[in-house]
*Asks:* 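For reference, the structure I am asking about is given below.
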Amino acid sequence: MVILDGKATSDKIKQEIAQMVKEKVANGGKRPHLVAILVGNDGASQTYVSNKERACAQVGFNSTLHRFPAEITQEELINKIVEINHNNDVDGLIVQLPLPDHIDEDAVINAIHPSKDVDGFHPENVGKMTLGLPTFVPATPYGILRLLEEYGVETSGKHCVIIGRSNIVGRPLANLMSLKDNPGNCTVTICHSNTKNIDNYTKQADIIIAALGSPRFLKGDMISEGTVIVDVGITRVADATKKTGYRLEGDVDFDSVAPKASYITPVPGGVGPMTIVSLMVNTLKAAEGK
Ligand code: NAP
């Protein structure tokens, strides 16, 4: 069994980006600039945004964080997005999700200019991705593909079972893994909360991507020997022994699954760091596209 080490892989990619930025700036080019918008005080969202800011600093990007209270109106938020769309110094713009209930997330995503949509959530970019055209691929799916590629995991002709159909993880992954590409070229099954007898599908899988947000859902007796396992889940579970008061749990029961797996991502240190570095890749691409 091989650990798909997202931490080490993302560190390597970060160093490559940092080198590219250094050369770009030395040649008189502009330093890439990522802007993040954070609404409200959700603890996990604050952590994600500060991790993204830290990654920007590590690769030599400029980053700006705009924070707004949870009470901000949708109109005010969209006005800010439009202002940033017009700011030529900004290459990438992300709005940390989820947003408060009174704000329509689709309207907010639609307001981001597709050329700055480094999260790859705008319908125009989603459409391009689905057709296999060059675009910003959402960070988590991109990071997973890159990790499989870095480890030379064979995907062509394999049966990939994805658990979860969200717009940011499961659905784009299903599209990408089914494209005639490498990684990709898989036969894909998507499971969700209405799927009956999920283990019928997971036992037939060569690759399982668990993205449902249910700690330790996938158990060893649900998979076959030699399966490639990608664990996207990150759930904060209360843990009094930790300084933070919680620990992070994946969607895979690592102890029972790992001995049967050929490759497996750990939590933490697997998909999480790959997601953040993929946002850096997209931001660099946005800056290059200017
Ligand atoms: P989400 O929007 O809540 O979607 C979860 C999906 O899983 C839904 O499609 C849901 O089905 C399905 N599901 C829920 N319970 C299920 C069950 N018991 N059996 C089968 N399917 C089930 O979640 P998400 O945003 O995709 O995130 C999924 C997990 O990945 C979360 O733990 C999240 O924190 C984590 N995540 C990690 C990263 C990273 O960088 N590592 C990035 C993004 C997300 P329905 O559609 O029927 O409701």
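Indexing begins at 1, ligand by ligand and atom by atom, following the structure's order.
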*Asks:* Quick one: which ligand 1 atoms are inside 4.0 Å of a heavy atom on Gly164?
*Replies:* 6 (C), 7 (O), 9 (O), 12 (C)
*Asks:* Under a 4.0 angstrom heavy-atom cut-off, which atoms of ligand 1 come close to Gly272?
*Replies:*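 Matching atoms, with element in brackets: 40 (O), 41 (N).
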*Asks:* Using a strict 4.0 Å cut-off to heavy atoms of Arg165, name the atoms of ligand 1 that fall inside it.
*Replies:* 6 (C), 8 (C), 9 (O), 45 (P), 46 (O), 47 (O)
*Asks:* Give me the residue, atom name and distance of the protein heavy atom closest to atom 3 (O) of ligand 1.
*Replies:* Leu212 O, 4.7 Å
*Asks:* Would you give me the side-chain donor-acceptor pairs under 3.5 Å for residues 269-280, sequence neighbours excluded?
*Replies:*
{"unit_1": "Thr275", "atom_1": "OG1", "unit_2": "Thr140", "atom_2": "OG1", "d": "3.1"}
{"unit_1": "Thr275", "atom_1": "OG1", "unit_2": "Val271", "atom_2": "O", "d": "3.1"}
{"unit_1": "Ser278", "atom_1": "OG", "unit_2": "Ala139", "atom_2": "O", "d": "3.4"}
{"unit_1": "Ser278", "atom_1": "OG", "unit_2": "Gly143", "atom_2": "N", "d": "3.3"}
{"unit_1": "Ser278", "atom_1": "OG", "unit_2": "Met274", "atom_2": "O", "d": "2.6"}

*Asks:* Any nitrogen or oxygen of Asp251, side chain or backbone, less than 3.5 Å from one on ligand 1?
*Replies:* no
*Asks:* Could you check atom 44 (C) of ligand 1 against the protein and tell me its nearest heavy-atom contact, residue, atom and distance included?
*Replies:*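 Here the closest protein heavy atom is Val169 CG2, 4.0 Å.
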*Asks:* Taking a cutoff of less than 4.0 Å between a non-hydrogen atom of the residue and any ligand atom, is Ser214 in contact with ligand 1?
*Replies:*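 No, Ser214 has no heavy atom closer than 4.0 Å to ligand 1.
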*Asks:* Should one rank Gly213, Pro215, Ser166 by closest heavy-atom distance to atom 24 (P) of ligand 1, which comes out on top?
*Replies:*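 Minimum heavy-atom distance to atom 24 (P) of ligand 1 goes to Ser166.
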*Asks:* How close does the nearest protein non-hydrogen atom get to atom 18 (N) of ligand 1, and which residue and atom is it?
*Replies:*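 Here the nearest protein heavy atom works out to Phe217 CE1, 3.7 Å.
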*Asks:* Using a strict 4.0 Å cut-off to heavy atoms of Ile198, name the atoms of ligand 1 that fall inside it.
*Replies:*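 Going through ligand 1 atom by atom, the ones under 4.0 Å from Ile198 are 19 (N), 20 (C).
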*Asks:* Report, in ascending order of atom number, the atoms of ligand 1 lying under 4.0 Å from any heavy atom of Thr275.
*Replies:*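 Answer, ordered by atom number: 39 (C), 40 (O).
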*Asks:* Side-chain atoms of residues 101-108: list all donor-acceptor pairs with protein atoms under 3.5 Å, sequence neighbours left out, distances to 0.1 Å.
*Replies:*
{"unit_1": "His102", "atom_1": "NE2", "unit_2": "Ile72", "atom_2": "O", "d": "2.7"}
{"unit_1": "Asp104", "atom_1": "OD1", "unit_2": "Asp106", "atom_2": "N", "d": "3.0"}
{"unit_1": "Glu105", "atom_1": "OE2", "unit_2": "Leu99", "atom_2": "N", "d": "3.0"}

*Asks:* Using a 4.0 Å cut-off to any heavy atom of Ile168, which atoms of ligand 1 qualify?
*Replies:*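 So the answer, numbered in order with elements, is 25 (O).
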*Asks:* Identify the closest protein heavy atom to atom 42 (C) of ligand 1: which residue and atom is it, and at what distance?
*Replies:* Thr140 OG1, 3.2 Å
*Asks:* Any atoms of ligand 1 less than 4.0 Å from a non-hydrogen atom of Ile163? List them with their elements.
*Replies:* 20 (C), 21 (N)
